[in-house]
Each structure stands twice: as structure tokens, then as C-alpha cells.
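Note that ligands are numbered from 1 as they come in the structure, with each ligand's atoms numbered from 1 the same way. In this chain, numbering begins with 1 at the start of the sequence shown.
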Amino acid sequence: MLKFANIARSNLLRQMPQRSFASVATSNKIKLVEVGPRDGLQNEKQVIPSEVKIELINKLSNVGLTSIEATSFVSPKWVPQMADARQVLTSITQKPDISYPVLAPNVKGLEAAIEAGAKEVAVFSAASETFNKKNTNCTMEESMNRVEAIMEVARKNNVKIRGYVSCVVGCPYEGPVSPQVVADMSKRLLDMGCYEISLGDTIGVGTPGSISNMLEAVLKVAPVDKLAVHTHDTYGQALANILCSLDYGIRTFDSSIAGLGGCPYAPGAKGNVATEDVVYMLHGSGYDTGINLDELIHIGDWISQKLGRSTGSRAGSALLLAEQRQQQLKAKL
Ligand SMILES: CC(C)(COP(=O)([O-])OP(=O)([O-])OC[C@H]1O[C@@H](n2cnc3c(N)ncnc32)[C@H](O)[C@@H]1OP(=O)([O-])[O-])[C@@H](O)C(=O)NCCC(=O)NCCSC(=O)C[C@@](C)(O)CC(=O)[O-]
């Protein structure tokens, strides 16, 4: 793992002062894509009742989020936790101003998603041969062919497609990943018709140095407003990587309530960056997410209790403690 740190350091020294794409976007409006119900829960070992997943999405629909990734139409043999995808998607109370994307790895998944009423689907591939093989049992090229086939069906059914590129700075099996490979894959997905590419640091090894290096390459082939950044917090770098991406003009970020998450085929990866932490940082830095942080922290606490643990959000846990102290003070008066 030291190899990631060394590469990142050399990039940091070389790339950071240049920032050729810095300040491209000046808007203070940020879109957060909440991935907790899907990425957050897919790797949980205990079977989570569908009712809990449904209640989580319904609660998240009331805090100002505009996109909540609901579930995955993947093989239940590969990801058993998502076997109830149809039930979840058809049972949630969908609000008209919120998008509820679902994952589909192939046409079979897309057709099942459409049948369950999905209007937006996320396709996924990785900038690493081994990760693709482990995650979806195909090569990078085969995964592009699958996306091509998905696109054809999606177009006929008016379904919006979001594209994920995983392992954008590092792969759990192959180590550091070439920024050019990430850029090429992102361009292909955009050319095929994805409306946005989410750049995933799947195992959370990225630093502002390696994220900068990757973004410099991707921004040469893709417009900034078609890019999102998806961070995991394995090395505690997620917020720093988001700040760095903001400098490059990125205004869409994926995050997960209570910091839940991890890919079942990415050994060692920790949860996604916590939505509460991202909102706290962004609001404290003058950005507007439209999200109610007070309500969010209680949902983070609620789902963590359902899973039998405390919240993985630092801001969430500090704000809950501060709230308890206030209540104790009031009770004494
Ligand atoms: C792609 C496959 C299906 C290939 O898996 P395979 O075994 O090669 O597929 P297959 O076509 O041979 O089918 C095997 C069985 O699965 C069924 N099947 C086939 N497709 C589906 C489907 N869509 N829905 C339901 N069932 C399906 C199919 O019908 C068959 O059933 P059987 O005949 O044996 O009973 C499998 O590898 C798979 O489902 N992989 C998904 C893995 C996954 O979900 N990983 C996590 C998501 S990616 C991620 O988390 C990263 C991300 C997005 O968050 C960003 C980041 O952090 O970087």
C-alpha cells in the first residue's frame, strides 16, 4: 500500500501548483448523490429487512437530497443483500423532484429495473482488468460491450444512464491505475450516452495528489459538468479529495449516510465518505447543498442503530452529542 502513498506524494509536488483546470466552475451549488441505500448496504453481512431499506430511502427523501441511489439489479448470487431490489424500488414513496437511480450490470438487470419502474440506471465498469473480472466476471472491453447493449435498451425506454468508473486511482488487485485509462474509459462512456460519469476511488487510496493527477487527465476529454467524484474514506482522505475536486470545478459528489458502505469485491475498502461530514464541510465553506443537516444526522443515527453500531460520521456523532448536551442543560433549567 506504500506504493500508493509514494506515487501520490510525487504527484502532489508536481501537479498541485499547476491546477490548470482550477476555478472552472464558480457556482456554490453542490449536488450530492446519496448512495447509502445501495453502496452503503450492499456489503452488509447481516440480511437487512426490505422494510428498513424502504424506510431509509423514504426518510432520506425528506431532507433536500435530489438523487438517492436506491438499490441494485445485480445477480443475487453475487450480491445477496440486493436480492430484494424489485420490492425496494416498487415500495418506496418516490417524490417527483428526486431521482432514484439503481445499478444494472447487464441488459437483464436493466430490463428488471425498467419493469420495476426505474427512470435512471447506473452502469459500472473499472479502470482495471482484474477488478472488472472479480466484480462483474468480464474484461474491460466486454464490460464496454455490455454498456453498449444497455444503452440501446435504455434509449428505447427513455431511461437516463449514469456511468461509474471504479478504481480511478488504485485497484485492490493491480495497485496504482493510469489516469489515461480512466480518461479513455470516461470518454467512451460519455460518447455512448451516459449523462454523467462518477469517478470512483473504490478503495479510498486516493490523496489530493493522485486525485489531481487523475482529474487533470479526465478533464482533457470530458466537460467538468459531466463529472462526479465518488470517494471512500479508507485512508481518511475523502474530504480532502472532495475539496481538491471542488478546486477543479467538480460540483457533484457521491456520499453515504453514516459513512456506510463498501464494494463486496474490493477487499479492505472502508465505507463511503459520510454524507453528514460532506454537508457539514460544504455548508461551513459557503457551499449550498439544499440539504437539512439536522434531519440528516438523525437518519444517520437511526440507520446505524438498526445495524447495531454507532454512526461512522464524525460530524454526525459530534452534532448528536452537542444536541444531547443542550437537552441536558435545558432539563436542568
Ligand atoms: C454481472 C454479473 C451478473 C455476471 O455474473 P455471471 O455469473 O458471469 O453471469 P451469468 O450471466 O452467467 O449469470 C449467472 C446467474 O446470475 C443471473 N443474473 C445475471 N444477471 C443478473 C441480473 N442483472 N439480475 C439478476 N440475476 C442475474 C443469471 O440469470 C444466472 O442465474 P442462474 O441461471 O445461475 O440461476 C455478476 O458479476 C454481478 O451481478 N455482479 C455485480 C457485482 C456488484 O454488484 N458489485 C458492486 C457494485 S459496483 C460498486 O460497488 C462500485 C461503485 C459503483 O460503488 C463505485 C466505486 O466505489 O468505485
Write none if no such pair exists; otherwise list each N/O atom of ligand 1 with its protein N/O partner under 3.5 Å and the distance.
unit_1   : atom_1 : unit_2 : atom_2 : d
ligand 1 : 5 (O)  : Trp78  : NE1    : 3.3
ligand 1 : 7 (O)  : Trp78  : NE1    : 3.1
ligand 1 : 8 (O)  : Asn137 : ND2    : 2.8
ligand 1 : 16 (O) : Ser75  : OG     : 3.1
ligand 1 : 20 (N) : Asn106 : ND2    : 2.9
ligand 1 : 23 (N) : Phe73  : O      : 3.0
ligand 1 : 23 (N) : Asn106 : OD1    : 2.9
ligand 1 : 23 (N) : Gly109 : N      : 3.3
ligand 1 : 24 (N) : Val74  : O      : 3.3
ligand 1 : 29 (O) : Lys108 : NZ     : 3.4
ligand 1 : 34 (O) : Lys77  : NZ     : 2.4
ligand 1 : 35 (O) : Lys77  : NZ     : 2.8
ligand 1 : 37 (O) : Asn135 : O      : 3.4
ligand 1 : 39 (O) : Ser75  : N      : 2.9
ligand 1 : 40 (N) : Asn135 : O      : 3.0
ligand 1 : 45 (N) : Asn135 : OD1    : 2.8
ligand 1 : 50 (O) : Arg38  : NH1    : 3.1
ligand 1 : 50 (O) : Gln42  : NE2    : 2.8
ligand 1 : 54 (O) : Arg38  : NH1    : 3.4
ligand 1 : 54 (O) : Arg38  : NH2    : 2.9
ligand 1 : 54 (O) : Asp39  : OD2    : 3.1
ligand 1 : 57 (O) : His230 : NE2    : 3.1
ligand 1 : 57 (O) : His232 : NE2    : 3.2
ligand 1 : 58 (O) : Ser166 : OG     : 2.7
ligand 1 : 58 (O) : Thr202 : OG1    : 2.5

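Ring orientation note: the planes of Phe131 and Tyr173 are tilted relative to one another, at an angle of 30° to 60°.
For the residue pair Ser61 / Tyr100, a side-chain donor-acceptor distance below 3.5 Å is found, with atom types taken as modelled. Inspection of the Asp201 and Thr231 side chains reveals no N or O donor paired with an N or O acceptor under 3.5 Å.
For Arg38 and Tyr164, the positive end sits near the middle of the six-membered ring, less than 6.0 Å away and at most 45° from its axis.
With salt bridges taken as basic N to acidic carboxylate O contacts below 4.0 Å, one links Arg86 and Glu115. The existence of a salt bridge linking Glu51 and Lys306 is excluded, since no basic side-chain nitrogen approaches an acidic carboxylate oxygen closer than 4.0 Å.
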